[in-house]
Amino acid sequence: MKKTISTLLLLALLSGCGAQPSSTTEVTPPSPPSNTAQQDEAEAASLKFTAKDLEGNDVDDSIFANTKLTMMNVWATFCNPCIKEMPELGELAAVGGTDYQIIGVCADLDGSEDMLTVAKDIVSQTKADYLHLQPSEGLLPVLTATSAVPVTFFFDSEGKLVGQGIMGAKDKEVWAKELETRLALVEANADASDDEAATDDAADTPDAGEPEEKSDAAAE
């Protein structure tokens with residue numbers, strides 16, 4: 001299954017590596033297939049996955065809960081613009097704290113040890129010392145969103161998409177501003193959810209209203 005996924009991705013990506021649009025191009029990953037006919041829109045925009053990192057350790061979508069925001073950067077070993085931006089992504093990842101984390105997804109890995117070694121060497125040489133994942137079926141929504149790499153998506157602590165994805169490599173300053181913008185959006189969404197919850201709670205609380213008048217019998 002992994003080799004099939006990687007082969008299809010490689011054929012698609014070879015025609016799109018390093019696309020540098022004149023302005024920021026936004027892309028939205030397709031929603032994963034659902035068995036529920038009337039799935040909630042927010043749930044459809046959530047990324048649920050299991051995958052392995054470059055060391056073979058299991059990773060799943062629970063990792064989103066580690067920070068307020070996750071920046072997921074899809075790259076490939078043959079993509080020079082991808083590799084060029086990785087050192088600065090490593091610098092940004094080092095100062096993310098609890099606000100954000102960066103995760104890489106190496107799209108062209110085919111399950112072979114040779115390709116895995118190439119990916120590890122690139123990560124080491126660029127000092128992109130953040131988590132990198134191998135392709136998996138659960139990651140198909142971000143892997144197949146576009147035929148070009150790099151492409152980057154942002155998710156909140158519940159794995160819900162924050163805004164649209166961005167295609168193309170950017171420098172550190174641009175990504176720092178984008179992280180700031182997306183964090184503000186996460187916080188705004190959280191405040192809106194809190195306000196909605198408070199409104200719902202108030203609506204569910206019975207209105208005490210005016211005190212009832214006692215009947216004559218009761219008054220006596």
Side-chain angles (χ1 to χ4, degrees), residues 13 16-32 41-42 44-49 51 53 59 61 63-77 79-107 122-123 126-133 135 139-193:
L13 293 174
C17 172
Q20 294 294 315
S22 56
S23 59
T24 299
T25 302
E26 296 187 340
V27 291
T28 303
S31 300
E41 182 179 352
S46 298
L47 183 64
K48 305 294 184 183
F49 73 91
D53 64 16
V59 181
D61 51 90
I63 196 170
F64 289 132
N66 290 346
T67 53
K68 299 176 184 176
L69 182 72
T70 295
M71 174 178 174
M72 184 172 284
N73 177 256
V74 182
W75 63 283
T77 60
C79 175
N80 289 331
C82 299
I83 297 170
K84 185 177 180 180
E85 72 174 347
M86 286 171 68
E88 292 188 338
L89 290 180
E91 294 174 8
L92 287 170
V95 297
T98 58
D99 282 338
Y100 68 84
Q101 63 185 337
I102 298 177
I103 296 176
V105 181
C106 188
I122 291 173
V123 170
T126 59
K127 297 182 179 180
D129 299 325
Y130 45 89
L131 178 67
H132 294 268
L133 302 177
L139 291 171
L140 282 178
V142 295
L143 290 167
T144 60
T146 174
S147 62
V149 285
V151 60
T152 303
F153 298 97
F154 298 85
F155 299 92
D156 67 11
S157 60
E158 296 179 349
K160 295 177 182 177
L161 193 65
V162 180
Q164 291 182 302
I166 296 177
M167 187 168 62
K170 312 296 176 186
D171 62 25
K172 182 179 179 179
E173 182 179 356
V174 171
W175 281 132
K177 289 180 179 178
E178 195 62 48
L179 284 164
E180 184 178 345
T181 298
R182 303 292 173 127
L183 275 168
L185 186 56
V186 167
E187 292 169 0
N189 290 340
D191 290 342
S193 296

Q.
Going by side chain to side chain contact (heavy atoms under 4.5 Å, CB included), F155 matches just one of L161, I103, I63. Which one?
A. L161
Q. What's the spacing between L131 CG and T70 OG1 if we round to 0.5 Å?
A. 10.0 Å
Q) From T67 OG1 over to L183 CG, what is the distance, rounded to the nearest 0.5 angstrom? A) 8.5 Å
Q.
Could you report the tightest heavy-atom contact between A169 and P150, atom names first, then the distance?
A. N-CG, 3.6 Å
**Q.** Interatomic spacing from CD1 in I83 to OG1 in T77 - rounded to 0.5 Å
**A.** 7.0 Å
Q: Give the C-alpha distance, both sets of side-chain angles, the deciding distance and a yes or no for side-chain contact (heavy atoms from CB on, under 4.5 Å) between K160 and N189.
A: CA-CA 11 Å; K160 295 177 182 177; N189 290 340; over 6 Å; no
Q: Return the minimal non-hydrogen interatomic distance between V142 and V74, and the atom names on each side.
A: O-CG2, 4.2 Å
Q. How many angstroms lie between NZ in K127 and CE in M86, if you round to the nearest 0.5 Å?
A. 13.5 Å
Q. Does Q101 use its side chain to pair, donor to acceptor, with the backbone of Y130 at less than 3.5 Å?
A. no
Q) Looking only at atom types and distance, does a side-chain atom of Y100 sit under 3.5 Å from a main-chain N or O of L92, one as donor and one as acceptor? A) yes
Q | Short side-chain to backbone donor-acceptor contact, R182 and V162, under 3.5 Å | A | yes
Q: Among D191, T181, D156, find the residue that satisfies the side chain to side chain contact (heavy atoms under 4.5 Å, CB included) test when tested with V186.
A: D156
Q. Under 3.5 Å, is there a donor-acceptor pair linking the side chains of E85 and W175?
A. yes
Q.
Go through it in stages, so that I can follow the logic: the residues are W75 and V151, the test is side-chain contact (heavy atoms from CB on, under 4.5 Å), and I'd like the CA-CA distance, side-chain angles, deciding distance and then a yes or no.
A. CA-CA 7 Å; W75 63 283; V151 60; over 6 Å; no
Q | Heavy-atom check, side chain of D53 versus side chain of H132, under 4.5 Å | A | no
Q: To the nearest 0.5 angstrom, please state how far the CG atom of N73 sits from the NZ atom of K170.
A: 11.5 Å
Q: Decide yes or no for F154 and E178: does some side-chain heavy atom of the first lie under 4.5 Å from some side-chain heavy atom of the second?
A: yes
Q.
Would you compute the distance between atom NZ of K48 and atom CG of D61 and round it to the nearest 0.5 angstrom?
A. 5.0 Å
Q.
Let's go through L69 and D99 carefully: what are the C-alpha distance in whole Å and the side-chain angles of both, what is the deciding distance for side-chain contact (heavy atoms from CB on, under 4.5 Å) to 0.1 Å, and is it a yes or a no?
A. CA-CA 6 Å; L69 182 72; D99 282 338; over 6 Å; no
Q: Check whether any side-chain heavy atom of L140 sits under 4.5 Å from a side-chain heavy atom of F49, and report yes or no.
A: no
